[in-house]
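Worksheet: the structure to be examined is printed underneath.
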Amino acid sequence: MKPRLFLLVPAVAVFAAATACSRPRGAERAAPGSVSLPDLSRASESVKAQLRDSYASLTRTIGAQNATPSERAAAYGRMGMLFMAAEYRDEAERCFVAAQALAPDDARWPHYLAHLYRAQGDAEKSVASFERARALKPDDATTLIWLGEAYLDQGRLDAAAAALEQALVKQPQSAAASFWLGRVSLARHDYARAIGELERALALDRAAAPVIHYQLAMAYRQTGDLTRADQHLRQRGPGEIHPPDPLMQELESVLNSAVAYEVRGARALEAHDWTAAGALFRRGLELAPNDPSLHHKLGTALVMGGDARGAAAEFDAALRSSPTFVKAHYSLGVLMGSSGRLDKAIEHLSAAVKQDPNYVEARLRLADVLRGAGRPADAIAQYEQVERLDARSIEAPLGSVLALAALERYGAARDRLTQAMKQYPTHPVFVHLLVRLLAAAPDDRVRDGRAAEALMRDLLAHEERTSDIDEMMAMTMAEEGQFGEAVTWQREAMAAAEHAGRHDRAQRLAQMLSRYERRQPCRTPWSDDDVQIIP
Amino acid sequence: MLAIALAAACRDGQRRAAADGLDAQPWFVDVASESGLTFTHFNGMSGEFLYPEIMPPGVALFDYDNDGDLDVFIVQGRMLGATPLEQARFPPRDPSSLKGRLFRNDLRVEANGTRTLRFTDVTEQSGVNAAGYGMGAATGDFNNDGCVDLYVTGLQMSQLFRNNCDGTFADVTKESRTESPGWSVSASFVDVDRDGWLDLFVGHYLNYSVDANIHCFGLAAVPDYCPPHVYTPQRSTLFHNNRDGTFTDVTAAAGLATEFGPTLGVATADFNGDGWIDIYQANDGQPNQLWINQRDGTFRNTALLAGAALGADGQAKSSMGVDAGDFDNDGDEDLAITELVGQGADLYVNNGSGVFEERSIQAGVRQASLRFTGFGAAWLDVDNDGWLDLLMVNGAVSQNRAGSGRDEGFALQQPKLLLHNLRNGRFEDLTASAGQVLRTPEVSRGAAFGDIDNDGDIDVIVGNASGPVRLLLNTIGQRSHWLGLRLVSARPARDLVGARVTVFRGDGSTIWRRARADGSYASANDPRVLVGLGDSTTAPRVRVQWPDRRVEEWTNVVVDRYTTLTAGTGTSVTERSGT
């Protein structure tokens, strides 16, 4: 084990005492403990270098005879930030405690300590540190909101409410303060107030809506309004709401490691900031040029930003570094597929599923490409495997049905649709396709106009009229020999398509209209373009 | 074999001390090695940070030989992938015996009440050859022959061992059609259709293979264990018992296939009070599921609107261990779930109809548990005061978060957490005073709860990852009065898990409990019901609602001993709730 480098804090204490006459009382106190570099053997070279450089700088500053307490504090603080960013939390704590002792009026150090303790789950210490920060900056809304959250963790609802209300006085437009006040009100069972605060937060920050919706759902549920509760639940999503925190943003940007850049880039990707994401991934690649994950993520940022060629190059680079990197195979497969290079798409997607047989998304895309390449039987095998792996996917049974139809196995397609309707009762696409099949399958053993009509009556009673619905009704009427009705419905379908700007569809519908006018039924259940998964 | 003698306590005096609160004696002591329960889990770690290393072991408490005391089964690991054993970070003491171990409890109770706990490793002669990379266990008499069977979950496969009722088991996985390939963790034998035969729910975790292992790193690029979201979840399985030794996978037919997550914890109970058993799935990093039994072979997931899918913050949490129990004595089943450090354990309080409010903040559970990554957990009345307490066993999953760079190979150790019920909806953290064994940091995973020495209080078996098994003997509960019940069917006597017990006490209060073997994490518990009565010596009236909805009562059930209540031998009672 490498020898640890120790920095003896007693030297600090001696110096601090020597200058006590000219310094505030707090600075006289020596920083407790000692700060040392931990075992860095498994950290990346860039992190090692960064930590060692910073430690050397700290040593120099502490040892400098003319360094002021605040300069020493700043040195400890910088070191602490790096340690904390690199997840060396024990060492970070020692640094911040030292900084705090040297510069007790600097709110940064208790702020960072509070976050450190929060990350460790130590609510008591976190609260104490946030309280200290608040004492130094009583008007700082960010600190007040964090303190409110910390009090809530402790179950101190009154204290939480007081801190958050104070934050709102300082920053009336703070969505975070309203949100957390709403959560406190929920905990207090004050549902009316909770709803008020949460609705306010929603109005202030639509980007945070998915997170707020869940809380609103719970509040409405408790008041008995299950309809509203359900509506909000349908809009909920992942995420957290916290106050803007420049200090933490600064900390989160200090670490010079490929992983850190990858994490920051991933956050930018989630925020749909493709340019920023790309820049961060490139920074990461400067440190780890052969990291396949970084190449892949950079490729993702590029493709989202519209640079497909650049993206392909990055996916290729990922594979050169790691020929079995499944995500790169997947992404290349998707890219090739969307540009019509189906053979290449199949090659890469096949490689992905060969490497990871449980990679559902890759297998699904492979199935789609196989179907598009005129290999429906191969596609069905993949769709069926997807269904075995993950029954949540409705694309797999849907793809199977389309592939069966391509093989003219209309009976099997009908049976699969009937099964899927029971399996996925909230997904109307299967009913729609079944109607089409029953009305227009080329196989007269499969067609059943009456059954199609029964399904249509039910659809019309429960679904909004669309061009799709009208077309299906036209097909059904034609199959039943009611061509006059069929023409009427088909014209409605065409008008709806035109209205929706779907001119190609309207043209296709027009061709079918002429068949109905000649009293000829439809024998083309669907075209792939017409098949949509309606959420 | 070493044996320990446990002196009989002067019950009345010590009961007063227990009733007053804390005293100097630790509430739990570890007697594993003294009692012959010597086992060290081997997780096969070799420095590659392979995900499965941090997940096992689960443990099981069950009376396999029907001698009236609880025996112990613990899963074992092995090397993962092609890495040779010599490269193991912590090589096993006996590489030739890397398989799950079955320990027979040879408890001796003398006439004067002295108890001698002694365990004997009977694995080889038992025929339990659980040789895969074991995760956990479930127990239940699936063939209704009066002998408890064993289902072992694992990384690549699960195994069903049928108890032959002669001290041996047969591996009937294939013939029973319960193979359930893939990574399974928690499982539960549960009669979902009330036909008197135990069905089997197997919780599956992630799609994982060593060959496709993903390497993860902390922010300083230090290697670490991955979070679950880098892999895709695997669907869990519900097997219906065909009553002929075989099972049928009815997952899709039951409506359980179209919503699932990476399941770690499973608890079954009647959450909505309609008399039918429901299933709660605790998923790692994805919303949990509350499958309400529709009474027709299907289930409907109501977790989201019921408030039991997500944490109070509206986010999916890590959700490892779960247990259902009536902690507030209001007659319904509440839920406690263990979580990752910084997330805080969940306390879902049932309103009686299967709708929950998350109250970990108000109850003091959140603050106490934020520092820990919890796994096995259960509701148990530690001090027999009639109120369920909560014990969680903990251990981190991320080296970087826990160890701050300490190069100790497996720096994930954390102490346990004992939360004592204050009877007002709140809990207090009594870990510090409950015994050194709770404060000792370990990488704890499975925990099985039951009265191992039959002295009237709940003890705990703890499985530690890459560490020794612990037998935490409860030394305080038996100082108060208690009621022990074994709820069984008529011949053969099978534990009727799912049976609900109402205890009408002499002071007018009522306590509800449930016979169950599932819950916690990857573990199987004592199916007997133990009810704390505090100071009361009045023999209570006991009402049992059997799984088939028949309700019977017994009066003057003797306290401070176990009584077997057999279905069909009590006084019938007509109850109007449910159908």
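First the proteins, then the strands, lettered A, B, ... as listed; each starts at 1.
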Discussion item. Looking at A:Ser257 and B:Ala220, would you say the former's side chain and the latter's main chain have a donor-acceptor pair under 3.5 Å?
Written reply: no

Item to complete: Let me know if A:Ala85 has heavy atoms under 4.5 Å from chain B in its side chain, its backbone, both or neither.
Response: backbone

Fill in: Proximity breakdown for B:Asn351 and chain A, heavy-atom pairs closer than 4.5 Å
neither

Worksheet item: In terms of heavy-atom pairs under 4.5 Å with chain B, which of A:Leu389, A:Val47, A:Asn358 leads?
Response: A:Asn358

Worksheet item: Can you find a heavy atom in the side chain of A:Arg392 that is under 4.5 Å from one in the side chain of B:Pro233?
Response: yes

Discussion item. More than 12 heavy atoms of other residues, nucleotides or ligands under 6.0 Å from CZ of B:Arg300: yes or no?
Written reply: no

Discussion item. A side-chain contact here means heavy atoms from C-beta on lying under 4.5 Å apart; do B:Thr232 and A:Val360 qualify?
Written reply: no

Response to the item:
From the list A:Pro357, A:Ala258, A:Gly239, the residue making the most non-hydrogen contacts under 4.5 Å with chain B is A:Gly239

Worksheet item: Do B:Gln315 and A:Val211 touch side chain to side chain, with heavy atoms closer than 4.5 Å?
Response: yes

Fill in: 4.5 Å side-chain heavy-atom contact, B:Tyr231 and A:Asp356
no

Discussion item. With chain B as the partner, which of A:Ile241, A:Asp230, A:Leu152, A:Leu226 has the greatest number of non-hydrogen pairs under 4.5 Å?
Written reply: A:Leu152

Discussion item. Donor-acceptor check, side chain of A:Gln215 to backbone of B:Ala312, threshold 3.5 angstrom: yes or no?
Written reply: yes

Discussion item. Check whether B:Gln367 reaches the backbone of A:Ala123 with its side chain - one donor and one acceptor, N or O, closer than 3.5 Å.
Written reply: no

Worksheet, complete the sentence: Shortest non-hydrogen pair, B:Ala221 vs A:Ser44, comes out as CB-CB, 3.5 Å

Worksheet entry | Greater than 12 external heavy atoms within 6.0 Å of A:Glu124's CD | no

Worksheet, complete the sentence: So CE of A:Met84 and CG of B:Leu219: to nearest 0.5 Å the spacing works out to 11.5 Å

Worksheet item: Just wondering, do A:Asp390 and B:Phe260 contact through their side chains at under 4.5 Å, heavy atoms?
Response: yes

Worksheet item: What distance separates A:Phe179 CZ from B:Asp313 CG, expressed to the nearest 0.5 Å?
Response: 7.5 Å

Worksheet item: Of the listed residues (A:Arg236, A:Gln50, A:Met218), which shares the most heavy-atom pairs with chain B below a 4.5 Å separation?
Response: A:Arg236

Discussion item. Whether the side chain of A:Arg221 engages the backbone of B:Ala306 through a donor-acceptor N/O pair (distance < 3.5 Å, no angle test) should be reported.
Written reply: yes

Worksheet entry | Over 12 foreign heavy atoms within 6.0 Å of CZ, A:Arg228 | no

Worksheet item: Mind checking whether A:His189 and B:Glu357 have side chains closer than 4.5 Å, heavy atoms only?
Response: yes

Practice prompt. Tell me, yes or no, whether the heavy-atom count around A:Gln235 atom CD, taken from other residues, nucleotides or ligands under 6.0 Å, exceeds 12.
Written response: yes

Fill in: Steps toward side chain to side chain contact (heavy atoms under 4.5 Å, CB included) verdict (A:Arg183, B:Ile361)
CA-CA 11 Å; A:Arg183 285 209 52 199; B:Ile361 288 174; 4.2 Å; yes

Show me the donor-acceptor pairs within less than 3.5 Å that the side chains of residues 335-349 of chain B make with the rest of the protein, sequence neighbours left out.
{"unit_1": "B:Thr338", "atom_1": "OG1", "unit_2": "B:Gly321", "atom_2": "N", "d": "2.8"}
{"unit_1": "B:Thr338", "atom_1": "OG1", "unit_2": "B:Gly321", "atom_2": "O", "d": "3.4"}
{"unit_1": "B:Thr338", "atom_1": "OG1", "unit_2": "B:Gly374", "atom_2": "O", "d": "3.1"}
{"unit_1": "B:Thr338", "atom_1": "OG1", "unit_2": "B:Phe375", "atom_2": "O", "d": "2.8"}
{"unit_1": "B:Glu339", "atom_1": "OE1", "unit_2": "B:Ser318", "atom_2": "N", "d": "2.8"}
{"unit_1": "B:Glu339", "atom_1": "OE1", "unit_2": "B:Ser319", "atom_2": "N", "d": "2.5"}
{"unit_1": "B:Glu339", "atom_1": "OE2", "unit_2": "B:Ser319", "atom_2": "OG", "d": "3.0"}
{"unit_1": "B:Gln343", "atom_1": "OE1", "unit_2": "B:Ser318", "atom_2": "N", "d": "3.1"}
{"unit_1": "B:Gln343", "atom_1": "OE1", "unit_2": "B:Ser318", "atom_2": "OG", "d": "3.3"}
{"unit_1": "B:Gln343", "atom_1": "OE1", "unit_2": "B:Leu340", "atom_2": "N", "d": "3.2"}
{"unit_1": "B:Gln343", "atom_1": "NE2", "unit_2": "B:Ser318", "atom_2": "OG", "d": "3.3"}
{"unit_1": "B:Asp346", "atom_1": "OD1", "unit_2": "B:Lys317", "atom_2": "NZ", "d": "2.6"}
{"unit_1": "B:Tyr348", "atom_1": "OH", "unit_2": "B:Leu310", "atom_2": "O", "d": "2.5"}

Worksheet item: By a 4.5 Å heavy-atom criterion (distance strictly below it), what part of A:Ala43 contacts chain B: side chain, backbone, both, or neither?
Response: both

Practice prompt. Check each atom of A:Tyr424 against the heavy atoms of chain B and say whether the ones under 4.5 Å are side chain, backbone, both or neither.
Written response: side chain

